[in-house]
Enquirer: 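My questions will all concern the structure given below.
The chains referred to below are lettered A, B, ... by the order of the sequence lines, with proteins before strands, and numbering in each begins at 1.
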2 protein chains.
Amino acid sequence: MQTFNAIHAHRTPAAFAMRGAANLPPLCEPAISSSRRTFERGEEIFAEGEACNVFYKVISGTVRTGKLLSDGRRQIDAFHFAGDVFGLEGGALHRFTAEAVDKVTVAVFRRGSAGSLVKADPVFGEQLMTAMLSNLDRAHDHMVLLGRKTALEKMASFLMDVADRHADVERAELAMQRTDIADHLGLTIETVSRTLTQMVKDGLIRLANAGRTVILSDKAALRLLCA
Amino acid sequence: MQTFNAIHAHRTPAAFAMRGAANLPPLCEPAISSSRRTFERGEEIFAEGEACNVFYKVISGTVRTGKLLSDGRRQIDAFHFAGDVFGLEGGALHRFTAEAVDKVTVAVFRRGSAGSLVKADPVFGEQLMTAMLSNLDRAHDHMVLLGRKTALEKMASFLMDVADRHADVERAELAMQRTDIADHLGLTIETVSRTLTQMVKDGLIRLANAGRTVILSDKAALRLLCA
DNA sequence: CGAGTTTTTGAAGGACATCAACGTCTGTGG
DNA sequence: CCACAGACGTTGATGTCCTTCAAAAACTCG
């Protein structure tokens, strides 16, 4: 895997700061030990089936988490941006895989057995609970998208979500490639591509930066498409 | 909405007892007050947008939780059976709706603001965390189903899941009607019906009790279909 | 038994997938 | 600095799984 210099240098720390768990104070460092790690583009952070002794908070970059079916079909259940917590699970083993979409820095938190840290540090535990609830909210929204939206609606919802979570009103910076988007939205890369070009033709968006930047030209129309 | 006598009288308390949050001790009564309520078939337990001061544990019956799009499309994100916790959310408002599929009894738990009960009763909080994590696990699995599985695979996965969670090795008792199944699996009622009849023709299942009981004739084949 | 609801079955259409080829971008090495 | 190779993305033609529209069958309950 070759290196790949980050496209998103303009993602300011200020923008990151706005993206804690849904309007709540950012997850602060706990009594429990935490350290940092960096991953290169494409690197695996943890894999399905591995022991699950730590969980993570994204400091910078983008992480994808998801599952693989036996025949290679993949579902990316979420992208995690700076401030997001991922890798928290009920059992002793990871039930999904996490990989770095681009160069990623994470904070690593140890956990005892399932939820015992809640007792160890209740304040931290509460923040954790909030982070998890926000993950759950997002999962619910995504199930509606996967089960009931059209390709056009999926794409519109995705673009608006990325822009929102980056606190950018007018553009969505796509750190991930088309394959990742397709596997997140339950589509194929071809449909993702076609849908984007259709949106350009309809004046909803414009593409820049080799298709990695999506400028939201008509947010009102896009919002309607989110259904 | 007419009354509807419960089909599932044979769901024994013993079977229920096996279905706490994923292999963990059942959520016991907390220091925090709890009471009981009963809902008739079709009754709303809470609605999207309502204030969210309590959450629930199913004592008996089946609950569906889900969301509605503006044009009436619906996604049921989960069915909750006895022992399952539902209605826990990050924000002050419910982000989804809960309704009784059949006659349902629930335990009602007050909650202060987001997660403050973790501090009030850490042991209970930990159990709660576990319950939530199990919901999150299930949500992840369901996203794979919605995004990447065929109608046949969806149906097979659903039937196996229902049977498992009822701790019944050979049959799935479907308390919900076809519309609910369709809205859970991201299909139409017609496709649900057709898929079931196809499974009967292929010897995978047999239907009984006016299509409400599914006998899993060929579990090995069904398991393969879960992909 | 009969009205209303739910489920099944049938025929036709459409949205997205698949298969295939071409275009574009990136980083490397001459 | 430019050319090249490989990865990534777009576009086109065709196919198919599931949906939609329609109607009949089965079931529930008064």
Enquirer: Shorter than 3.5 Å, N or O on both sides, protein versus nucleotides 20-22 of chain D: list them out with atom names.
Expert:
{"residue": "D/dT20", "atom": "O4", "partner": "B/Arg194", "partner atom": "NH2", "Å": "2.8"}
{"residue": "D/dC21", "atom": "N4", "partner": "B/Glu190", "partner atom": "OE2", "Å": "3.0"}

Enquirer: Take the protein atom CG of B/Asp183 and the nucleotide atom P of D/dT19, then report the distance between them rounded to whole Å.
Expert: 11 Å
Enquirer: Taking the side chain as every heavy atom from C-beta outward, state whether A/Val85 and A/Phe109 have any pair of such atoms under 4.5 Å apart.
Expert: no
Enquirer: Nearest of D/dT19, D/dT11, C/dT9 to any side-chain atom of B/Thr197?
Expert: C/dT9
Enquirer: Nearest heavy-atom pair of A/His140 and B/Lys67: which atoms, and what distance?
Expert: CB-CE, 3.9 Å
Enquirer: Could you tell me whether B/Lys103 and B/Glu40 have a side-chain N and a carboxylate O separated by less than 4.0 Å?
Expert: yes
Enquirer: Between B/Asp141 and A/Arg95, does at least one N-O distance fall below 4.0 Å, as a salt bridge requires?
Expert: yes
Enquirer: Rounded to the nearest Å, what distance is computed from the CE atom of residue B/Met155 to the C1' atom of nucleotide D/dC18?
Expert: 15 Å
Enquirer: Rounded to whole Å, please give me the gap between CZ in B/Arg178 and P in D/dA26.
Expert: 15 Å
Enquirer: In residues 64-75 of chain A, which ones come under 4.0 Å of DNA chain D, going by heavy atoms?
Expert: none
Enquirer: Kindly give the heavy-atom pair with the smallest separation between B/Ala182 and B/Thr188, and that separation in Å.
Expert: CB-C, 3.5 Å
Enquirer: Within this structure, what is the CG-to-C1' distance between A/Leu146 and C/dA15, rounded to whole angstrom?
Expert: 16 Å
Enquirer: Name the nucleic acid region contacted by A/Ile189, choosing base, sugar-phosphate or nothing; use a 4.0 angstrom heavy-atom cut-off, strictly under.
Expert: nothing
Enquirer: Nearest whole angstrom, please: distance from the C1' of C/dT24 to the CG of A/Asn209.
Expert: 13 Å
Enquirer: Going by the angle between their ring planes, with limits at 30° and 60°, are A/Phe86 and A/Tyr56 parallel, tilted or perpendicular?
Expert: parallel
Enquirer: Nearest whole Å is fine: how far is D/dA26 C1' from B/Gln177 CD?
Expert: 14 Å
Enquirer: Considering all heavy atoms of both residues, which atom of B/Ile181 and which atom of B/Met176 are nearest to each other, and what is their separation?
Expert: CG1-CG, 3.6 Å
Enquirer: B/Met199 CE to C/dT8 C1': how many Å, rounded?
Expert: 17 Å
Enquirer: Indicate, with a heavy-atom threshold strictly under 4.0 Å, whether B/Leu196 touches base, sugar-phosphate, or nothing.
Expert: nothing
Enquirer: Restricting to non-hydrogen atoms, name the atom on A/Leu216 and the atom on A/Ala163 that form the minimum distance, rounded to 0.1 Å.
Expert: CD1-CB, 3.7 Å
Enquirer: Please confirm whether the backbone N or O of B/Ile76 pairs with a side-chain atom of B/His184, one donor and one acceptor, at under 3.5 Å?
Expert: yes
Enquirer: Could you work out how much the helix from C/dC1-D/dG30 to C/dG30-D/dC1 bends, comparing the axis of its first five pairs with that of its last five, to 10°?
Expert: 40°
Enquirer: Check B/Glu43 with B/Arg37, please: is the shortest side-chain N to carboxylate O separation under 4.0 Å?
Expert: no
Enquirer: For DNA chain D, whose closest nucleotide is more 5', that of A/Arg148 or that of A/Leu207?
Expert: A/Leu207
Enquirer: Between C/dC16 atom P and A/Gln198 atom CD, what is the distance in whole Å?
Expert: 12 Å
Enquirer: Determine the interplanar angle of the B/Phe81 and B/His166 rings, folded into 0 to 90°, and report it as parallel if under 30°, tilted if 30 to 60°, perpendicular if over 60°.
Expert: tilted
Enquirer: Is there a side-chain polar atom (N or O) of A/Thr179 under 4.0 Å from OP1 or OP2 of D/dC8?
Expert: no
Enquirer: On a heavy-atom basis, which atom in A/Ala175 and which in A/Arg212 lie closest, and how many Å separate them?
Expert: O-NH2, 3.0 Å
